[in-house]
Amino acid sequence: MAKTQRVLTGITTTGTPHLGNYVGAIRPAIAASRQDGVESFFFLADYHALIKCTDPDRIERSRLEIAASWLAAGLDPARVTFYRQSDIPETTELNWLLTCVTAKGQMNRAHAYKASVDANEAAGEEPDAGVTMGLYCYPILMAADILLFNAHRVPVGRDQVQHIEMARDVAQRFNHVFGAGRDLFVLPEAEIEDSVATLPGLDGRKMSKSYDNTVPLFEGGPKALKDAIARIVTDSRLPGEPKDPDNAHLVTIHDAFASDAVKAAFHADLRAGLGWGDAKQRVVDLIEAHVGPMRARYAELMAHPEQIEEVLQAGAAKARAVATPLLTELRQAVGLRRMVAVQQPKAAAAQHAKAALPVFKQYRESDNQFYFKLADAHGALLLQSQGFVEGREAGGWVKRFKTEGAAALDGAPVTLAEGVDRAAVEAALAALVAAQE
Ligand code: TRP
């Protein structure tokens with residue numbers, strides 16, 4: 001079986017989701033997360049939101065609305081690791097490690113920063129007027145989000161591609177400086193969904209909050225949906241006059257929710273003279289049929305934020321189970337190590353070889369049980385134990401694996417991590433046994 005691909009993306013928590021976000025990001029991301037062989041990480045980029053917004057109530061409200069929207073739209077938190085960036089302290093720690101190997105000149109070239117400088121210069125202001133260090137270093141924080149989970153693919157809009165390239169660059173530099181010949185980080189790739197059309201807004205331009213031309217996804221109920229659709233601009237052809245379905249953004253919005261048969265019927269009826277008023281009613285009915293049941297779930301979640309909180313806490317625990325071992329390894333790699341007799345330079349190579357070994361971790365969960373797991377040298381999970389009442393039971397198994405290797409696998413209270421094959425686990429255990437000798 002091919003190795004599992006890690007797909008990761010962040011959603012900046014400013015604003016309220018609209019139909020364009022749903023069709024362009026939420027729906028395709030959830031569909032992709034249901035495919036086999038992918039392990040998806042979706043998170044609320046709330047540290048990033050602080051860069052753009054200093055209104056605490058808006059930050060709070062938007063996090064809630066966005067989390068509720070994704071869950072209501074069908075995101076399955078059992079399948080996907082769904083968490084808040086600000087619940088993962090390893091993010092800011094890695095942010096600093098990366099900051100120390102990122103060239104300032106590269107940040108000078110970041111589009112978002114350059115756009116601010118250009119706007120300031122055009123207005124006759126100081127070039128850096130109103131630019132915070134948060135905005136300036138935005139791409140480094142984003143690189144930390146991605147590299148912390150060793151994501152292979154990062155689905156983003158075109159405006160974010162430069163940031164992914166910067167994440168690749170910084171990963172490469174870090175691997176080169178600190179990796180001692182091995183790759184500490186996977187080099188991520190941007191994934192631009194060309195197949196998903198950008199949804200036009202009321203006026204035909206891209207649907208976007210900044211153009212004030214959006215149709216709300218859930219907020220405001222069916223009435224807000226109907227009112228927004230009533231405001232979609234059409235041409236002035238009267239009922240009975242033939243209309244061109246290829247030249248009306250009302251039709252583009254309709255088609256984003258329609259089956260092929262429904263699309264064809266709608267196009268044919270417009271050509272045959274269907275009035276715009278009736279056409280809009282059909283669009284309202286079609287979207288409402290799709291979105292209505294989700295809206296009910298959304299309302300329920302918004303009324304019970306503690307349910308969302310619980311989902312996100314569980315997501316953070318899942319995410320940190322990946323992030324913590326990687327950070328341990330990175331601290332080791334940069335020299336933030338436990339105090340021991342400092343080795344002679346010659347022994348340093350052997351130390352590096354040791355750091356490249358897989359690791360067992362023992363820990364305790366909120367259910368009070370003891371667990372252990374085995375991760376490879378890059379922090380990727382290989383093996384997960386069941387819970388034990390006694391810590392020493394877990395310890396006993398770890399010891400057995402370290403001495404007996406793969407021979408201890410059969411009948412052991414462990415499961416292979418998703419997408420990991422047994423051979424990889426056997427090899428990791430063999431390496432550990434060899435290292436004991
Ligand atoms: N900057 C992204 C946006 O505005 C959001 C984001 C933050 C992100 N961190 C990320 C996207 C990491 C992908 C990966 O859309």
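As the structure lists them, so they are numbered: ligands from 1, and atoms in each ligand from 1. Residue numbers count from 1 along this sequence. What you are looking at is a predicted structure, and each value in this text was computed from that prediction instead of being measured.
Salt bridge status for Glu39 with Arg6: present, with a side-chain N to carboxylate O gap under 4.0 Å.
Counting heavy atoms closer than 4.0 Å to ligand 1, residue Phe43 contributes side-chain atoms (C-beta onward) but none from N, CA, C or O. With a 4.0 Å heavy-atom cut-off, ligand 1 is reached by the side chain of Val156 but not by its N, CA, C or O. Residue contacts with ligand 1, taken as heavy atom pairs separated by less than 4.0 Å, involve Ile146 solely via side-chain atoms from C-beta onward. For Gln85, no heavy-atom contact with ligand 1 is shorter than 4.0 Å.
Just one residue in the list Tyr22, Phe42, Phe218 forms a ring-ring contact (aromatic ring centres under 6.0 Å, His included) with Trp70, and that residue is Phe42.
Under a 4.0 Å criterion applied to the non-hydrogen atoms of Thr12, ligand 1 contributes the atoms 2 (C), 3 (C), 4 (O), 5 (C). Every atom of ligand 1 is numbered from 1 in the order shown, and the set under 4.0 Å from a heavy atom of Ala45 is 7 (C). Of all the atoms in ligand 1, the ones that sit under 4.0 Å from a non-hydrogen atom of Val154 are 13 (C), 14 (C). For ligand 1, the atoms sitting less than 4.0 Å from at least one non-hydrogen atom of Thr9 are 11 (C), 13 (C), numbered in the order shown with element in parentheses. Close contacts between ligand 1 and Tyr138 involve ligand atoms 1 (N), 2 (C), 3 (C), 4 (O) [criterion: under 4.0 Å to a heavy atom].
Listed by chain and number, the residues in a side-chain hydrogen bond (donor to acceptor under 3.5 Å, both in side chains) with Asp235 are Arg237, Trp276 (sequence neighbours excluded).
Note on ring orientation: taking the six-membered ring where Trp is involved, the planes of His254 and Phe266 are parallel (angle under 30°, cut-offs 30° and 60°). Between Phe257 and His290, the angle of the ring planes goes over 60°, which puts this pair in the perpendicular group of the 30/60° scheme.
Counting heavy atoms only, Gln160 comes closest to atom 3 (C) of ligand 1 of the residues Gln160, His48, Met142.
In terms of protein heavy atoms, atom 9 (N) of ligand 1 is closest to Asp145 OD2, 2.7 Å. For atom 11 (C) of ligand 1, the closest heavy atom belonging to the protein is Gly10 N, 3.4 Å.
When every heavy atom of Ala333 is checked against every heavy atom of Phe178, the shortest pair comes out as O-CD2, 3.8 Å.
Within the 4.5 Å cutoff, side-chain heavy atoms of Lys104 are placed close to those of Tyr136.
The number of heavy atoms from other shown groups lying within 6.0 Å of OH (Tyr211) does not exceed 12.
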